[in-house]
Structure formats: structure tokens, C-alpha cells
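Data block below; observations after.
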2 protein chains.
Amino acid sequence: MSDSCFVVRLNRYLALTAGEMKAVSALERDPKEYPSGSVLWQEGDDVSELLIVHHGWAHSETRPPNGKRQILRFHFSGDLIGAAGIAFRDAASSIVAATDMVVCRFPRKALGETFIHHPRLAALFFSMSQMESIDLADRLRAIGRSEGKARLANLFLSIAARMRAVSGESNPVVRIPLTQSDLGDAVGLTQVHVNRLIRQMTEEKLITRNRSTVTLLDEPRLIEISRFVDRFSAIDTSWFPAARA
Amino acid sequence: MSDSCFVVRLNRYLALTAGEMKAVSALERDPKEYPSGSVLWQEGDDVSELLIVHHGWAHSETRPPNGKRQILRFHFSGDLIGAAGIAFRDAASSIVAATDMVVCRFPRKALGETFIHHPRLAALFFSMSQMESIDLADRLRAIGRSEGKARLANLFLSIAARMRAVSGESNPVVRIPLTQSDLGDAVGLTQVHVNRLIRQMTEEKLITRNRSTVTLLDEPRLIEISRFVDRFSAIDTSWFPAARA
DNA sequence: CGCTATCTTGATATGAATCAATAGCTGTGG
DNA sequence: CCACAGCTATTGATTCATATCAAGATAGCG
């Protein structure tokens, strides 16, 4: 079971003990498949579970009344979904599969158990889910205070950084299975405007986009215009409690 | 020491045991005063502490290269600051006092101790800091997908909701010690435009603003235009581990 | 009693939305 | 294997929200 991408991911941050490993596997029972487009849960649902993504992409989205949509965050292999909403019964956003997915669900209660028996894992989950806050904050800065091209650049870089953090590689070609509407809803722009911006960025040789593949041609300039900071490579474990037998 | 607003706040969510209470007080040693305008820490600083706000207002802000500023979140009495950044050594945002403040600092390491000895407190801290994610997500939706007036309405309502959650009252008059520039930087608009919007909102009898006092005159309509959802009143503790002696 | 930060207001410029129409793909069924 | 249906992307014309620039007007503060 140690081929779980979630365990692999955790291990990248912190060498897990056998006991911890076992505790994590216990959360990953019974993976289920969901076809692209599935709604894993819906804004407002009474949610009592967390999800671990084994395979595929999802995003969290929320729908303001005006029929619009804001995509808050993307989730992929090795991600834990739902921590952000743990304080509330009702989901603050929907989770929608952007590709076919394999996902494990486990009850919140199991997280409580983990807090008792594996404080170090608790600290790790705590940290990982705080990365989500930081990611949101970065998106907020991008959307609140920069113009379209920079927002897109920021989004592409941040997705690439997260995928690289999981995979360990650093490929300039990134599979981003999103339509122009999706991209627009993620950065607060219209699909039409996204289209124009992508054309511009292509002309300026910043990126290339071909179906669901985006190639980052000029990362230095992308970073420059979006002032992107990669925060996903490592986490600070210095304050963690010691491992327990 | 149980008159600490932080303990009061925690107790509102969960009846703390004597032991837990004591553990919390241990984090609240040695309150310090900071005058309005102080920078509690700066974006990029190597931060190894967390802050508990006893008194006053602060905000987290971040500065994109273009000289602009994005205010991410406001912090007041009973708030725990810094959890979001716990995964990283370097602060992702600055913390600036908006009024005179009284603040306790404690080291991250102490949080690790708490995770070992008080799993239920760990769960509570976890939940509380996840509210921050949700708050950011809400702001993101507002900024990404609604127009100026709705953004401001959303901000006012969310500040009011948070303050009410702490105070227990539900006063339509809210002290918001922020300039128009601050407001603009929080919702991604210009100070000038904020000014015009506030004038409009005043004409429409939605709010009244007088120095640092904002009065919500017509909350139903404010809620309607901003589609605000109050999530701060309670948290789901059903999954928490049992209290420990 | 000035000084400086904040707020107000107007004129103009611009990024992005909206509306609208067309073109390309992709998959599906006959 | 073709034709059609239905997404997705492209492009142009126009409108609108918000930014920018610029000058005063207020008002708290030392």
C-alpha cells in the first residue's frame, strides 16, 4: 500500500514511522472511481468526510448568485480535500472532477483519531492544509491587484509548481485539463478575454497552449510579470512534536 | 487569567477542561503593546512565532511589485495569527497593526507540544485556522466575481459577522478603523473608487460611514447584493477527539 | 495654527465585459 | 465513413466598470 501517492507525498515532507504509515493507509481504504464531471460534493451539502485524491484532477468552485462561477482551487494526486471546510458542517464550495478520478473518502472522525494517536501526523495535516490558505492568499493577491496577463501567468506557474512538488520533476510542459472558461473562472476573467490574453501570450512567446497542454516557454518572464513565489517545495517541520512509537 | 479574550473565544466553541485552559494560558504569557502602524512582522521574515491578539486590529497584507498592496485579512481580539503560514519559514504576508494593540507571541514549538498533550485543542486550533481559509475563499469569490459595491458589502458584512461572533452582540454599528485606501486594498479597488461607491451606498441608504464607524442600515439588502453567507457563528466539533484529563 | 493624512470630486483613459457571429473539433449514430 | 450535435475556441464591435490623473476640501494632530 505504500505506493499510495498520498503516502509518497507525506514522506517527501517527513519520514513517516511504520505506525504512522499504517494510520495513513487506514484512511485510504476503498478507493472509488469518478468520471470526469462528477460532483464529489456540492456547495451547501452536509459533508462529514475528507477526500484523498489518488488520481485525476478536481477543482473547488462556488457559484455567486449571478450565475457566475469562481474556481477556488485545483486538487490533484496526493491532495487532501476538505480540510478547509472542517470547521463547518456545510460545504462552502463544490468539488467537481475535471478528469476521471480515483478518490478515497474517510470520515472526519478518523481525523480526530489521528489527532490523538499521531500528533506528528496531525501537525503534518495541519501544515499541509495551511498551504491551502497560502495558495488562496496568493490567488487573492493576483486577482485583486494585477491585470489579466499576470493573473494567468500566476495561475499557470502555481499549478506547475504544485504538480512539480508532487512529481519531483520540473517539466516546462504542464497538462492542464481546463477549458478557457475554466481558466477564466479561476482568475476572474471572461472566457473571451482569456482567449485574447492567451493569444497575446503566445505571440509574446511566453507560453504555448494546445488542448489541455500548456508549455511554459519563458518562465523567467512569466515569474517577472506575475511576481510568482513558489512556496510548495518544502514545509517547516521544525516545530513538530517527536514521532511516537 | 480566564479573562483572556482568546480563552473566552475558545470556550464559545468548546467547553475547555481545566488542563486545556491552563495549556492555553501558557501560550498567552507576556502580552506586549504595539502602537497603531507597527509592523508585527514583515513579508519574507523568518517567523517562528504565532500571535494571539488580545486587543486591537491588525491586518495581513502583501505587496505586489507594482507598489500596490493587497490586504488579505483582518485580525482582531481573540484571533490567532500565523497559523496559515506555519508550513513555511518565511512569512507570506506582513502583519500591520491598524490600531494600538496588545498581543502575545508564542513559539511554534509550543504548538507542537499542544498537539501532543491536548489533541482536542489541536483539533480546535486546526478548525479555527481553517476558518481563515474559508474566509479567504469567500473574499476570493467576492473579488473575482462581483462588482465593487458587492465587494464592499461583502467585506463589511464579513467583518461585522466576525466581530459579532467574538462579542456575542449583534450591533448594526461596526467600528472599522480603516481608511478608504485600506478598504480598497482589501477588495481590490482604488481608494477613489471606494469613495464613490461609499457615497452611492450612502445615497441608497445601505450604510452610513463616519470616521471609523460603519453603520449597516439595511443588512438584508447588503446580504442580497453580496450574497454573503455567515459562517463564523459556530464550528463543527463532532469529529473532535474526547477531552483528556 | 499650520501639517499631513484623508477624503471628495471631476475629466479622461483603459482593461475587461458583453453581445454576437463564425469556425473547429470530437464524438455519436445511422 | 459521413453528417450532425454540441462543446470549445476565435474574432470583431460596442459598452461599462474601474483606474488614472489632477485639484481641492477637511480634518485630526502635534
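Chain A is the first sequence line, chain B the second, and so forth, proteins listed ahead of strands; every chain is numbered from 1. Reckoned from all heavy atoms, side chains included, excluding hydrogens, waters and symmetry mates.
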* Starting from C1' on D:dT20, measure out to CD on A:Glu147 and report it in whole angstrom. => 14 Å
* Quickly work out the A:Arg151 CZ to C:dG15 C1' distance and round it to whole Å. => 10 Å
* Would one find a side-chain N or O of B:Arg199 under 4.0 angstrom from OP1 or OP2 of C:dT9? -> yes
* **Nearest heavy atoms of A:Thr62 and A:Glu43, plus distance in Å** => OG1-OE2, 2.8 Å
* Structure fact -> Atom CZ of B:Arg145 and atom P of D:dT18 are separated, to the nearest Å, by 13 Å
* Between B:Asp185 and A:Arg145, is there a side-chain N and carboxylate O pair less than 4.0 Å apart? -> yes
* Mind checking B:Lys68 for me? I need base, sugar-phosphate or nothing, with any heavy atom below 4.0 Å counting as a touch. => sugar-phosphate
* Does a salt bridge link A:Arg73 with A:Glu61, judged by any charged N lying under 4.0 Å from a carboxylate O? -> no
* To do: Grab the CD-P distance between A:Gln200 and D:dT11 for me, whole Å please.
  => 12 Å
* To do: Please figure out whether A:Arg209 or B:Gly148 has its closest DNA chain D nucleotide nearer the 5' end.
  => A:Arg209
* Asked: Looking only at heavy atoms, which two atoms of B:Glu28 and B:Cys104 are closest? And how far apart?
  -> O-SG, 3.4 Å
* Is B:Arg105 paired with B:Asp30 through a side-chain N to carboxylate O contact shorter than 4.0 Å? -> no
* Check the distance between D:dT18's C1' and B:Ile198's CD1 and give it to me in whole angstrom. => 15 Å
* Counting heavy atoms not belonging to B:Arg231, are there more than 12 under 6.0 Å from its CZ? -> yes
* A:Asp79 side chain vs A:Ile81 backbone, donor-acceptor pair below 3.5 Å -> no
* Structure fact -> What one should report as the nearest heavy-atom pair of B:Gly85 and B:Arg108 is O-NH2, 3.2 Å
* **CA sep, side-chain torsions, deciding dist, call: A:Arg164, A:Glu219, salt bridge (Lys or Arg N to Asp or Glu O under 4.0 Å)** => CA-CA 14 Å; A:Arg164 289 167 179 176; A:Glu219 287 198 48; 2.9 Å; yes
Taking only N/O atoms, report every protein-nucleotides 25-27 of chain C pair under 3.5 Å with atom names and distance.
from   : atom 1 : to       : atom 2 : distance (Å)
C:dC25 : O3'    : A:Arg211 : NH2    : 3.2
C:dT26 : OP1    : A:Arg211 : NE     : 3.1
C:dT26 : OP1    : A:Arg211 : NH2    : 3.2

* To do: Under 4.0 Å from any atom of DNA chain D, heavy atoms only: list the residues of residues 179-193 of chain A that qualify, in numerical order.
  => A:Thr179, A:Gln180, A:Gln191, A:Val192
Could you go through nucleotides 22-24 of chain C and list every protein N or O atom that sits under 3.5 Å from one of its N or O atoms, giving the distance for each pair?
none

* Asked: How many Å lie between CG on A:Asn195 and P on C:dG15, as a whole number?
  -> 18 Å
* Which whole-number value in Å describes the distance from B:Arg196 CZ to C:dT8 C1'? -> 9 Å
* If you take all heavy atoms of A:Gly78 and A:Met128, which pair is closest and at what distance? -> O-CE, 4.5 Å
* With B:Arg162 as the cation and B:Phe74 as the aromatic partner, state whether NZ or CZ is under 6.0 Å from the six-membered ring centre and within 45° of the axis. => no
